[in-house]
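First up is the structure itself, then whatever we jot down about it.
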Amino acid sequence: MTAELHSRRTVLSTGAAVAGAAVGAVALTACSSEPGGKSGTAQAPIAAGTPLVALADVPVGQAKAAKAPDGSDVIVARPSESAAAAFSAVCTHQGCTVTPKGADLICPCHGSVFNALTGEVKQGPAKKPLPSVPVKVENGKVVTG
């Protein structure tokens, strides 16, 4: 019986270590977007001058989801008639992709809510704001800065 318990403990310990390593591997690959709306909290820089969306396509006071050329999900916001801001669309809680809804960005996985114009957390469980993506407006388009 002792050998059987020892064997079970070994299997359980090994399984826990493998699961922990798998979670670590997901965190290490977080710079790339994954199918299914999940990715990590970090994103690789996007080349400056890359168009994301036409300014006219983003209503003033709201935000719109966009794809960067590298495939990463971003949120482009329009705080005023002539200004734009952008954030990673990856929730800082557990990496799900947030969705714009009016002046909010909603995480469908655990209910975090972010301010669509600033990326700040309005409601947890997320504790950190969405990372900003530098952008500017050029010729009626929102481009990376």
Side-chain angles (χ1 to χ4, degrees), residues 5 7-145:
L5 284 176
S7 177
R8 285 184 185 170
R9 284 187 188 141
T10 302
V11 168
L12 290 174
S13 297
T14 303
V18 169
V23 169
V26 169
L28 290 175
T29 60
C31 289
S32 65
S33 191
E34 297 176 16
K38 290 207 173 212
S39 79
T41 56
Q43 277 186 251
I46 301 168
T50 303
L52 297 174
V53 68
L55 185 63
D57 290 345
V58 184
V60 175
Q62 296 185 25
K64 179 178 180 138
K67 277 270 193 215
D70 66 357
S72 62
D73 293 308
V74 295
I75 300 294
V76 179
R78 190 171 178 189
S80 70
E81 193 67 37
S82 60
F87 311 96
S88 167
V90 178
C91 180
T92 56
H93 175 238
Q94 288 191 347
C96 293
T97 303
V98 299
T99 305
K101 185 174 182 181
D104 293 331
L105 302 172
I106 311 294
C107 180
C109 295
H110 300 105
S112 292
V113 179
F114 299 86
N115 180 310
L117 304 180
T118 67
E120 293 296 318
V121 177
K122 291 175 78 174
Q123 173 184 313
K127 293 181 176 19
K128 295 180 183 178
L130 297 172
S132 66
V133 174
V135 293
K136 57 188 173 182
V137 178
E138 285 184 353
N139 302 321
K141 294 186 189 266
V142 179
V143 301
T144 55

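T97 places no side-chain N or O within 3.5 Å of a backbone atom of V90 that could act as its donor or acceptor partner. With D104 contributing its side chain and I106 its backbone, the two residues share no donor-acceptor pair below 3.5 Å. Distance alone, capped at 3.5 Å, is enough to place a donor-acceptor pair between the Q123 side chain and the G111 backbone.
Atoms OG and NZ, on S112 and K128 in that order, are 13.0 Å from each other to the nearest 0.5 Å. Between atom OG1 of residue T92 and atom CZ of residue F87 there is a gap of 12.5 Å, rounded to the nearest 0.5 Å. With rounding to the nearest 0.5 angstrom, the NZ atom of K127 is 7.5 Å from the NE2 atom of H93. The NZ atom of K64 lies 11.0 Å from the CD1 atom of I75; values are rounded to the nearest 0.5 Å. We find the CZ-NZ distance between F114 and K122 to be 11.5 Å, quoted to the nearest 0.5 Å. Considering OG1 of T118 and CG of L105, their distance stands at 8.5 Å, rounded to 0.5 Å.
Between P100 and A63, the shortest heavy-atom distance links the atoms CB-O, 3.5 Å. Here the closest non-hydrogen pair linking Q62 and L117 is O-CD2, 3.8 Å. Taking each heavy atom of V143 and P51 in turn, the nearest pair found is CG1-CA, 3.7 Å. Smallest separation of non-hydrogen atoms from A86 and V135: CB-CG1, 3.5 Å. Shortest non-hydrogen contact noted between V60 and E81 is CG2-OE1, 3.6 Å. When all heavy atoms of P129 and V121 are compared, the pair lying nearest together is N-CG2, 4.0 Å.
The SG atoms of C109 and C91 do not sit under 2.5 Å apart.
By the 6.0 Å contact criterion, NZ on K141 is open, its count of non-hydrogen atoms from other residues, nucleotides or ligands being 12 or less.
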task: Any chance you could lay out the side-chain contact (heavy atoms from CB on, under 4.5 Å) test for V74 and K67, step after step, and finish with the verdict?
output: CA-CA 6 Å; V74 295; K67 277 270 193 215; over 6 Å; no
